[in-house]
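Data first, discussion second: the structure below is written as structure tokens.
Here is how names work: the chains are called A, B, and so on, in the same order as the sequence lines, proteins then strands, and each is numbered from 1.
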2 protein chains.
Amino acid sequence: MATGREIAQLCGVSVATVSRVFNQPETVNEETRERVLRVAKELDYRPNESARALSTKQSTMIGLVWDTDHRRPGWRHPYLQDLLIGLKSALSAHGYHLLMLATSGDAREVGASLADPVGYVNMTRRHHLGGLVLIDSGSDAEAFEAFAQSGVPCVALDVAVDGPRATYVTSDNSGGARAAVAHLVGLGHTRIATITGPPGNQPSDARLSGYHTALRDAGAEPHAGYVVAGDFYRASGTAAMQRLLALDEPPTAVFASSDEMAVGALLAARAAGLRVPRDLALVGFDDIEIASVVDPALTTVAQDKPGFGVAAAKAIMAMITGGGPEGPVVLPAQLVVRDSCGARWRR
Amino acid sequence: MATGREIAQLCGVSVATVSRVFNQPETVNEETRERVLRVAKELDYRPNESARALSTKQSTMIGLVWDTDHRRPGWRHPYLQDLLIGLKSALSAHGYHLLMLATSGDAREVGASLADPVGYVNMTRRHHLGGLVLIDSGSDAEAFEAFAQSGVPCVALDVAVDGPRATYVTSDNSGGARAAVAHLVGLGHTRIATITGPPGNQPSDARLSGYHTALRDAGAEPHAGYVVAGDFYRASGTAAMQRLLALDEPPTAVFASSDEMAVGALLAARAAGLRVPRDLALVGFDDIEIASVVDPALTTVAQDKPGFGVAAAKAIMAMITGGGPEGPVVLPAQLVVRDSCGARWRR
DNA sequence: AGGGTCTATGTAACCGCTTACGGTGAAACG
DNA sequence: CGTTTCACCGTAAGCGGTTACATAGACCCT
């Protein structure tokens, strides 16, 4: 690999000039600049990023905190791929890379345990990362708070954090839920239940509050037994639905806090001999792929999935270049009406 | 951030000793070692990875080549998340990180265009990456070949490459397909069609050959019109199915090279008034989430998704430490019988 | 002609760590 | 007791860039 020094010698200039050609081209004479560039091309010169990072004390990398081996093994993000697409392309536009940090297996580490904020923050400092993107992995808001307080710029997805250089992006969860439930109300339903995510999980809580708001708007009485907690996964939706169906006065409509749970509920309803949407209206949240494939196609609240990534990238870049954190970003969540609540069917 | 020098001063030793404590602990006296470690801990010392990479000429990062903005925009990998889970955890075990490379937006680059091998290889050299993992993004085997020939260690997923330091991991595509079609044969079908992926795509071609083998095994005559090409995506499955149904003698069973296309075919069949599996048996490939949710649940060939990542990580580490590339890894592909081909129903 | 400005470049220190090499003292040896 | 051996550690030279500062002309002005 050719180094700057070699180029300098071949061109009869100093290494400083070579460096300037690439970093402040306007300060170097056009003729010499071209000469340097030509030789650089001939030698297939690649500036050494390590050296560069060492002397500038900053890298062009953003860390991604995504715990795969969380307490709950096999934890899955509903739309990781879209999120990464948005994140990666937005970061690329700024010349930044995404680093998926490993925190384990390093004997050199001083005081790190695995998969906890300490390990990640260590890595962040060791690599002089520009910042961190935190992907919500269940309900560990406390861990995220530790990140936010650590001082490294970070933006969390789907969980509100607060720190000197931290912000977050989330969907309009309550608004989306409210629209979903209002839709059910508009279809004439009065016995509307909801299957929530894990209590304490922020998006879930916000969706629940949207559910309440919509009912209140409609002047309806929230029925205590109509709120059942799940964990965002399919099986919990099935279980929750079974509990709802066992009620004296089972609901005629259900708003689930995730599509996965909605699908689970659908299976339970079907198993109980109910037909959706005729006997039971169902709305989900997320608009993952499954939603449009399931039969009947699921009415749901769509999130701007790549938008999460893009917004996160923007927020990080703003903190890196600008300084202070900007306010939280709230992405729109939009009701997508399909077949599972009978809107089309009634018409 | 504390540096090695500071620690050295506080401990009354030289920086060399500090470095040794972390890299060759056995060569330093126990007492001083502990002293250094203690001070390091107090000062929250983090070795600077840039400096380290600079002097050792190697980093602990593996690059991930995953073109999101491919020719075909919106290209999606059927099971990226599982693959990443496997990849990341296996790399972490070796203390390696995964770097999602950006190749655009860098004025400093000498001769790079976007999203092509050149750009990625540039970045690989600039960052002294240990190697590259190439995710198949459609049918660009030529581009992959360029990577493989570039000399940087790389392992490709689902496309055979050949190079001085390159290898690949793939599923037993033909074996899986063969099992799937044999299953259909076993159910008594004789008019078995297949919907392939894009011609030239290696997994697709292998699956097609498995299809042929199974038919030959059964002594059946391959019907030319029964092989229809798709592009792995749902819509193409629908279109292909429509073409098959328009045949004079439509098939009674279809093996699709991907679950997405199988779902597309399912929709087409349903739209044509056919009932699956009674009027048409259907088998897919991949075993993505949708497969088990669709109605009827899809019989399909499951791939070891995290296994891809793990195998890739192993292969890369072997090339980094060992030297020469090992042979290609072929993961088992296993038939998962569900409801879409009537096996259960017949019994 | 002397002084002030500007532009273009060179000099050299520095970033923080690794490592080849050499030195020191104590133990072991003949 | 002189010499070898060995464990331990320091010295210093990189690694490949960046950048503050100095320098040297060229140009312009009074």
Is the ring pair A/Phe147/A/Tyr120 parallel, tilted or perpendicular, if the boundaries are 30 and 60 degrees?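 A/Phe147 vs A/Tyr120 ring planes: tilted.
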Classify [X] by what it touches in the nucleic acid, base, sugar-phosphate, or nothing, heavy-atom distance under 4.0 Å.
X: B/Thr56; answer: sugar-phosphate
X: A/Val13; answer: sugar-phosphate
X: A/Ser14; answer: base
X: B/Ser50; answer: nothing
X: B/Thr17; answer: sugar-phosphate

OP1 or OP2 of C/dT18 under 4.0 Å from side-chain N/O of B/Ser19: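 The answer is yes; a side-chain N or O of B/Ser19 sits under 4.0 Å from OP1 or OP2.
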Could you check how far [atom1] of [X] sits from [atom2] of [N], rounded to whole Å?
X: B/Glu31; N: D/dA7; atom1: CD; atom2: C1'; value: 14 Å
X: A/Gln9; N: D/dG16; atom1: CD; atom2: P; value: 13 Å
X: A/Asn23; N: D/dT18; atom1: CG; atom2: P; value: 4 Å
X: B/Phe22; N: C/dC17; atom1: CZ; atom2: P; value: 9 Å
X: B/Arg5; N: C/dT18; atom1: CZ; atom2: C1'; value: 13 Å
X: B/Ile7; N: C/dT18; atom1: CD1; atom2: P; value: 11 Å
X: B/Glu26; N: D/dC9; atom1: CD; atom2: P; value: 13 Å
X: B/Lys57; N: C/dT19; atom1: NZ; atom2: C1'; value: 13 Å

Could you pull out the closest heavy-atom pair between [X] and [Y], with the gap in Å?
X: A/Leu91; Y: A/Ala313; answer: CD2-CB, 3.8 Å
X: B/Tyr168; Y: B/Val159; answer: CB-O, 3.3 Å
X: B/Ala148; Y: B/Ala166; answer: CB-CB, 3.6 Å

Kindly indicate, with the supporting measurements, whether the criterion ring pair (Phe, Tyr, Trp, His ring centres under 6.0 Å) is fulfilled by B/Phe22 and B/Tyr45. CA-CA 11 Å; B/Phe22 294 108; B/Tyr45 169 69; 5.4 Å; yes
Which nucleotide sits closest to the side chain of [X]: [options]?
X: B/Thr3; options: C/dA12, C/dC17, C/dC15; value: C/dC17
X: B/Arg52; options: C/dT18, D/dG10, D/dT19; value: C/dT18
X: A/Asn29; options: D/dC15, D/dC9, C/dT9; value: C/dT9
X: A/Ser55; options: C/dC15, D/dG10, C/dT9; value: C/dC15
X: A/Ala16; options: D/dG17, C/dG16, C/dA12; value: C/dA12

Name the residue closer to the 5' end of DNA chain D, choosing between B/Thr32 and B/Leu54 according to the nucleotide with the nearest heavy atom.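 Looking at DNA chain D, the more 5' nearest nucleotide goes with B/Thr32.
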Here's a test of your reading of the structure: between B/His128 and B/Val15, which maps to the more 5' nucleotide of DNA chain D?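 Nearest-nucleotide comparison on DNA chain D picks B/Val15.
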Are A/Arg35 and A/Asn29 linked by a side-chain donor-acceptor pair shorter than 3.5 Å?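 No pair is found: no donor N or O on one side chain lies under 3.5 Å from an acceptor on the other.
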So, under a plain 3.5 Å distance rule, would you say the side chain of A/Arg46 forms a donor-acceptor pair with the base of D/dG16?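 Absent.
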Return yes if the base of C/dG10 and the side-chain atoms of A/Arg20 contain a donor-acceptor N/O pair under 3.5 Å, otherwise no.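 In this structure, the two groups form a donor-acceptor pair.
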